[in-house]
Protein chains: 2
Amino acid sequence: MSPLPDTAPETARPCLPKALAESPVFLLGRLGFELKRRAYEELEAAGASLWDYGVLAVLAEGTCGAQSSIADRLRLDRSQLVGLLDGLEERGLVERRRDPEDRRRHAVSLTPKGAEELTRLRAIVEALEDEVLAPLDSEERAELGRLLRCVASRANGRSAPRDEPVAVR
Amino acid sequence: MSPLPDTAPETARPCLPKALAESPVFLLGRLGFELKRRAYEELEAAGASLWDYGVLAVLAEGTCGAQSSIADRLRLDRSQLVGLLDGLEERGLVERRRDPEDRRRHAVSLTPKGAEELTRLRAIVEALEDEVLAPLDSEERAELGRLLRCVASRANGRSAPRDEPVAVR
DNA sequence: TATTGTTATACTCTATAACTATA
DNA sequence: TATAGTTATAGAGTATAACAATA
């Protein structure tokens with residue numbers, strides 16, 4: 001009605017347009033993005049990166065016979081992994097050793113110190129998880145998890161059949 | 001057991017470590033990120049960007065009395081908005097006109113062509129939505145939407161009280 | 001010649017800081 | 001002086017390409 005008053009009414013509180021705020025996909029995208037940003041931020045404050053966390057988590061499931069297998073699992077480019085492993089190795093969290101049978105390869109494994117670090121980082125991520133999921137009771141959390149896994153499993157199987165980077169961060 | 005065979009068994013199919021793949025927050029982050037990437041990609045193929053979509057969606061709810069109000073709603077920096085509006089204006093989708101009462105301000109509004117474009121882009125996003133949510137029946141979709149809104153509303157109210165960028169993309 | 005790990009380079013997106021014109 | 005819009009610059013993150021060693 002009034003021609004553009006000082007503080008326009010439609011922008012009194014900065015909020016997203018309904019069309020977006022109600023779209024599940026938009027919400028998913030925004031939440032996910034924000035979440036990653038926060039995880040990144042908090043891990044960084046703890047002296048690590050989200051990628052570090054991913055790498056350590058992969059190695060916790062067993063030594064990797066080649067660096068590229070880590071990269072593949074995280075859908076990370078090999079060249080990016082190099083720097084990450086350099087940092088982790090310097091900090092004594094992982095160990096690279098040449099494969100005597102194929103001297104091009106490096107077997108990568110977690111050191112005891114690396115396992116400790118993973119525990120520490122996991123605690124940080126879990127705290128974030130608790131905080132973000134706080135508005136949901138345990139039943140709702142389980143349901144959300146189920147729905148997400150359902151969506152994710154298809155997205156994995158179909159939308160990234162080859163080399164589409166999915167990016168842990 | 002066997003010392004690092006050619007294709008290490010634990011990496012037969014490149015998949016995420018369980019610790020990550022089962023974490024709802026990690027799933028949320030990954031899905032959201034991937035989703036945004038795809039939306040960005042598909043809109044770009046249609047000659048627009050995710051930001052364009054956001055800006056048009058904001059304007060569809062009414063003329064904005066100042067560019068900064070658009071930026072605030074999308075949690076986008078003012079300086080970034082300039083280029084976006086330039087592009088949209090060149091394409092005749094939005095209109096900038098000086099506010100006669102405060103000549104520093106530009107009122108921004110959607111043109112009829114812009115409204116059409118929004119419809120077109122919305123269709124693209126909705127198609128993506130359908131595709132991604134395909135594994136869920138309509139009841140599950142509604143439930144997912146409910147849970148996400150629940151989590152998001154708190155995240156908005158709490159985690160970004162001031163100037164934390166939440167980024168449409 | 002193909003592959004593993006590595007290094008170097010370029011590009012995209014975003015964050016920050018200046019600048020102008022109005023108030 | 002403060003604010004709206006704009007422009008310019010720098011940084012992070014990532015993608016791509018070239019490279020050396022080994023197969």
Side-chain angles (χ1 to χ4, degrees), chain A residues 4 6-8 11 33-34 36-37 39-41 43-44 49-52 54-55 64-72 74-90 94-108 160 162-169, chain B residues 4 6-8 11 33-34 36-37 39-41 43-44 49-52 54-55 64-90 94-108 162-169:
Chain A
L4 305 177
D6 206 305
T7 311
T11 60
F33 199 87
E34 172 67 1
K36 220 162 225 176
R37 195 186 62 75
Y40 203 83
E41 204 172 84
L43 287 179
E44 201 154 62
S49 80
L50 205 49
W51 286 120
D52 288 340
V55 171
C64 276
Q67 291 186 186
S68 52
S69 67
I70 303 175
D72 289 346
L74 295 175
R75 316 226 191 172
L76 177 66
D77 194 90
R78 294 166 178 179
S79 59
Q80 273 179 266
L81 186 61
V82 175
L84 284 173
L85 289 178
D86 287 346
L88 292 171
E89 201 174 26
E90 271 174 32
V94 307
E95 207 178 33
R96 276 193 272 212
R97 62 174 208 284
R98 283 213 124 81
D99 180 345
E101 295 183 12
D102 182 343
R103 292 183 42 75
R104 291 173 303 182
R105 294 191 173 178
H106 284 166
V108 187
R162 341 206 150 279
D163 51 359
E164 297 206 56
V166 173
V168 176
R169 185 282 129 91
Chain B
L4 306 178
D6 206 306
T7 311
T11 60
F33 199 87
E34 173 68 1
K36 219 161 223 175
R37 196 186 62 75
Y40 204 82
E41 204 172 83
L43 287 179
E44 201 154 62
S49 80
L50 205 47
W51 286 120
D52 288 339
V55 170
C64 276
Q67 290 185 188
S68 52
S69 67
I70 304 174
D72 289 346
R73 291 188 68 184
L74 295 174
R75 317 226 188 172
L76 177 65
D77 194 274
R78 295 166 179 181
S79 59
Q80 272 178 268
L81 186 62
V82 175
L84 285 173
L85 289 178
D86 287 347
L88 292 171
E89 200 173 27
E90 271 175 31
V94 307
E95 206 179 33
R96 275 194 272 212
R97 63 173 207 284
R98 283 212 125 82
D99 180 343
E101 297 184 10
D102 182 343
R103 293 182 44 74
R104 291 173 303 182
R105 294 190 175 178
H106 284 168
V108 188
R162 339 204 152 283
D163 50 0
E164 298 207 54
V166 173
V168 175
R169 187 252 142 91

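Each chain gets a letter, A, B and so on, in the order the sequences are listed, and its residues count up from 1.
One can place CD of E89(A) at 13 Å from P of dG5(C), the figure rounded to the nearest angstrom. Between L81(B) atom CG and dT3(D) atom P the separation is 19 Å, expressed in whole Å. Between the C1' atom of dG5(C) and the CD1 atom of I70(A) lies a distance of 12 Å, rounded to the nearest Å. Distance CZ (R75(A)) to P (dG13(D)): 22 Å, rounded to an integer number of Å. Distance CD (Q67(B)) to P (dT3(D)): 17 Å, rounded to an integer number of Å. Nucleotide dT6(C) holds its P atom 13 Å from the CG atom of L76(A), rounded to whole Å. Put simply, CD on E41(B) is 16 Å from P on dT14(D), counting in whole angstrom units. R37(B) places its CZ atom 13 Å from the C1' atom of dT14(D), with the value rounded to the nearest Å.
For the atom pair CD (E41(A)) and CD (E34(A)), the distance works out to 8.0 Å, reported to the nearest 0.5 Å.
Listed here is the closest heavy atom pair of A39(B) and L50(B): CB-CD1, 3.9 Å. The two residues W51(A) and L74(A) make their nearest non-hydrogen contact at CZ3-O, 4.0 Å.
One N or O donor and one acceptor, one from the side chain of S79(A) and one from the base of dT16(D), sit under 3.5 Å apart.
Residue H106(A) places its side chain closer to dT6(C) than to any other of dT14(D), dT6(C), dG5(D). In the set dT16(D), dG5(C), dT7(D), the nucleotide with an atom closest to the side chain of R105(A) is dG5(C). Closest to the side chain of R78(A), out of dT6(C), dG5(D), dG13(D), is dT6(C).
Taking 4.0 angstrom as the limit, Y40(A) places none of its side-chain polar atoms (N or O) nearer than this to OP1 or OP2 of dA12(D). One finds no side-chain N or O of Q80(A) lying less than 4.0 angstrom from the OP1 or OP2 phosphate oxygen of dG13(D). The phosphate of dT6(D) (OP1 or OP2) has a side-chain N or O of R96(B) nearer than 4.0 angstrom. Side-chain N/O atoms of W51(B) include none lying less than 4.0 angstrom from OP1 or OP2 on dC13(C). Using a 4.0 Å cut-off, no side-chain N or O of S68(B) falls inside it from OP1 or OP2 of dT3(D).
Taking the nucleotide of DNA chain C with the nearest heavy atom to each of D77(B) and G83(A), the more 5' of the two is matched to G83(A).
In this structure, D72(A) contributes its side chain and S69(A) its backbone to no donor-acceptor pair below 3.5 Å.
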Next item on the list: Dump the intermediate steps for side-chain contact (heavy atoms from CB on, under 4.5 Å) on I70(A) and V108(A), then the final yes or no.
Entry: CA-CA 9 Å; I70(A) 303 175; V108(A) 187; 4.0 Å; yes
Expected list for residues 81-88 of chain A: side-chain donor-acceptor pairs under 3.5 angstrom, two or more places apart:
| residue | atom | partner | partner atom | Å |
| --- | --- | --- | --- | --- |
| D86(A) | OD1 | R96(A) | NH2 | 2.2 |

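Remark: R78(B) engages S68(B), A71(B) in a side chain to side chain contact (heavy atoms under 4.5 Å, CB included) (not counting sequence neighbours).
Counting heavy atoms from C-beta on, the side chains of H106(B) and R98(B) come closer than 4.5 Å.
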With the criterion being N/O to N/O and under 3.5 Å, what pairs connect the protein with nucleotides 18-23 of chain D, and how long is each?
| residue | atom | partner | partner atom | Å |
| --- | --- | --- | --- | --- |
| dA23(D) | OP1 | R103(A) | N | 2.9 |

